[in-house]
Amino acid sequence: MNSSLRKVALVGGSGHLGPSILQALQSDPTTFDVTVISRHSSQALFPPSTKVLRVSDDYPPDEMVSAFRGHDAVVLSLNFAAEFQHHSALVDASIEAGVKRLIPSVWAGRIDVAEAREIFPLAAVKYGVLEYVRRRAVECEGWSWTSVSTGLFSDLCLETNFYGLDPSTHTAKIWGDGTAKFSATTHDSIGLAVAAILKSHPAETKNKDVYISSFDISLNDLLAAYKSATGVSDWTINTGDVDEGIEEAKRVHATSSDVMEKMRAMGLLGLLVGLKEGLGADFTAAGVVDNEMLGVPRGDLEQAVVRALKK
Ligand SMILES: NC(=O)c1ccc[n+]([C@@H]2O[C@H](COP(=O)([O-])OP(=O)(O)OC[C@H]3O[C@@H](n4cnc5c(N)ncnc54)[C@H](OP(=O)(O)O)[C@@H]3O)[C@@H](O)[C@H]2O)c1
C-alpha cells in the first residue's frame, strides 16, 4: 500500500520547469500542501495563495534544514549555476530535516550511458549529482530519492529553435538521414509525473530513475510537423554528419574563448547526443519508459509545434 508524500517543498518553483511542477501539485489541493522556496533576490511571481518561503540566495544549510523540516518531499528544479554550487548541500539539508523523498535537479536524458556522458559534458555533471544522491541514500535510512529523466524539454526546444528547424526562414538542419529518434517531454507532463510519483507511486519509484517521454521523435518527424503547421512545404534543408558534428562541437567547446560560442557548442552536443544511434535516447525503443505506470499521457507533436508557433 502506497502512502502519499503530501507535504512538498519545491525549490525553484519559477523558471522554465518549476511553474509546471507547481501547477500540477497545486491542482490537487486535497492531496498536496506545497511550499515554494524562493531566494530573497528573486523577482519570481507565483499564483495567488501560493505559500512562499524566502531564503538567502546561497541556500545556507541551517536555513534550508528549517525550511525543509516538516515536509515529506523536497523537489529541486534549480538553475544550472545553483545546481553546480548548492545541490549536494540541499541534499544533505533534506536528510537532516527528516524529509522522506527527494526529487533531485536532474531532469535530463540518458546520463546512465557512459558514451553519452563522454559526448555531452552536462550529462556527466548530472551523473555526478545523481551519484551523490545514490550514495547518501545508502548511508541514510528513511531518506530516499526519485530522479526523473525527461529527455529534451520539448516546449523550450521548440520555442528556441533548439532542434535546428527555423520556421521564420523555413530552414532546417537535418543531421544524418533525419530518422534517429529521441525522447522529448513537455513541462506539463513533467509536472504530472512528479505529482504521480509523490501521490500514487512512492513505493515503486523509491531510489529509482524514472523515464517519461511525451514524444519519441526524429528530425524528419519535426520537419513534417512544421511543414503541416506552417502550411509551407518548401523548406531549405542543410545536412550534417552526426559524428563529424560531435567532433567539431567538442573542439569548439574545448578551444573557444567566446562564451556564447562555447554555450552554442554545448547545446549542439546536447542535441547530437540524442541523434547518435545506440545511446538509448529514444526511451520507448530502449524499453525504459514509465509513462504508463505514472499515467502520463503522450503528446501530439503537431499540436505542440502549433502551440510553440503562437508564442
Ligand atoms: N532536459 C532538458 O532539455 C532541460 C532543459 C532545460 C533545463 N533542464 C534542467 O531542468 C532543471 C530546471 O531548469 P530551468 O531551466 O527551469 O532552471 P532556471 O529557469 O534557470 O532556474 C530555476 C530556478 O532556480 C532558482 N535559482 C537558484 N539560484 C539561481 C540563480 N543563481 N540564478 C537564477 N535562478 C536561480 C530560481 O528560483 P527562484 O527565483 O524562485 O529562487 C529559478 O527560477 C535543471 O536541472 C536543468 O538542468 C533540462
Side-chain angles (χ1 to χ4, degrees), residues 12 15-17 58 76-89 91 104-135 147 149-154 156-166 169 171-185 209 211 217-219 222 237-283 286:
H16 297 116
L17 174 60
D58 55 350
L76 302 177
S77 175
L78 292 172
N79 168 270
F80 190 69
E83 227 164 62
F84 195 70
Q85 283 184 301
H86 304 300
H87 200 279
S88 301
V91 170
S105 203
V106 175
W107 322 106
R110 293 305 300 269
I111 63 171
D112 57 321
V113 175
E115 193 180 345
R117 299 197 296 273
E118 193 273 319
I119 291 171
F120 184 39
L122 284 187
V125 173
K126 297 278 186 184
Y127 186 72
V129 163
L130 199 50
E131 281 296 279
Y132 185 74
V133 167
R134 283 180 205 279
R135 207 166 60 240
S147 94
S149 290
T150 60
L152 291 170
F153 285 5
S154 59
L156 191 61
C157 291
L158 288 171
E159 284 159 27
T160 58
N161 297 342
F162 178 84
Y163 297 122
L165 287 87
D166 184 348
T169 57
T171 305
K173 175 91 179 192
I174 299 294
W175 294 94
D177 65 4
T179 59
K181 285 194 188 275
F182 55 91
S183 295
T185 306
D209 198 0
Y211 290 79
I217 44 171
S218 67
L219 293 179
L222 275 161
I237 308 296
N238 301 307
T239 55
D241 177 81
V242 172
D243 289 322
E244 286 171 13
I246 287 172
E247 287 318 307
E248 176 59 9
K250 276 183 171 176
R251 187 194 65 72
V252 172
H253 186 258
T255 58
S256 177
S257 53
D258 178 332
V259 177
M260 288 312 291
E261 196 174 49
K262 266 174 119 68
M263 280 176 62
R264 277 196 297 275
M266 178 69 93
L268 182 56
L269 288 171
L271 176 66
L272 293 176
V273 77
L275 299 176
K276 188 168 166 66
E277 297 284 357
L279 303 186
D282 176 344
F283 296 172

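What you see below is based on every heavy atom in this structure, not just the backbone, and it leaves out hydrogens, waters and symmetry mates.
A search for ring-ring contact (aromatic ring centres under 6.0 Å, His included) contacts involving H253 returns nothing, not counting sequence neighbours. For the salt bridge (charged side-chain N to carboxylate O under 4.0 Å, His left out) test, residues two or more places apart in sequence or in another chain that qualify with E118 are K250. In this structure, K173 has no salt bridge (charged side-chain N to carboxylate O under 4.0 Å, His left out) partners at least two apart in sequence or on a different chain. Judged as a side-chain hydrogen bond (donor to acceptor under 3.5 Å, both in side chains), and not counting sequence neighbours, the contacts of S256 are E261. Under the rule for a salt bridge (charged side-chain N to carboxylate O under 4.0 Å, His left out), R264 has no partner lying at least two apart in sequence or in another chain.
Here Y127 and F120 keep their ring centres 6.0 angstrom or further from each other.
Between Y163 and F182, the two ring planes are tilted [angle within 30° to 60°].
The neighbour count for F80 CZ, taken as heavy atoms of other residues, nucleotides or ligands under 6.0 Å away, is above 12.
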- Derivation and outcome, side-chain contact (heavy atoms from CB on, under 4.5 Å), residues H87 and V133: CA-CA 10 Å; H87 200 279; V133 167; 4.2 Å; yes

- Residue pair L272, I119: steps toward the side-chain contact (heavy atoms from CB on, under 4.5 Å) verdict: CA-CA 9 Å; L272 293 176; I119 291 171; 5.8 Å; no

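Residues S147 and P104 approach most closely at CB-CG, 3.8 Å, considering heavy atoms.
In this structure, L122 and M266 have side chains that are in contact, with non-hydrogen atoms separated by less than 4.5 Å. Side-chain contact between V252 and K262 is absent, with no heavy atoms from C-beta onward closer than 4.5 Å. When side chains are defined from C-beta on, Y211 counts as touching R110, because their heavy atoms get closer than 4.5 Å. Taking 4.5 Å as the limit, every side-chain heavy atom of R117 sits out of range of all side-chain heavy atoms of V113. The side-chain heavy atoms of L130 and K126, taken from C-beta on, include no pair separated by under 4.5 Å. Side-chain contact between F153 and F162: absent, with no pair of heavy atoms (C-beta onward) separated by less than 4.5 Å. Between W175 and T239 there is no side-chain heavy-atom pair separated by less than 4.5 Å. Between N238 and I174, the closest side-chain pair of non-hydrogen atoms is not below 4.5 Å.
The side chain to side chain donor-acceptor pair (under 3.5 Å) with S149 is formed by just one residue from the set D209, D112, T185; it is D209.
With T171 contributing its side chain and T169 its backbone, the two residues share a donor-acceptor pair below 3.5 Å. Between the side chain of S77 and the main chain of L17, no donor-acceptor pair closer than 3.5 Å is present.
Among pairs with a residue in residues 267-282, those fulfilling side-chain hydrogen bond (donor to acceptor under 3.5 Å, both in side chains) read D243-K276, at least two apart in sequence or across chains.
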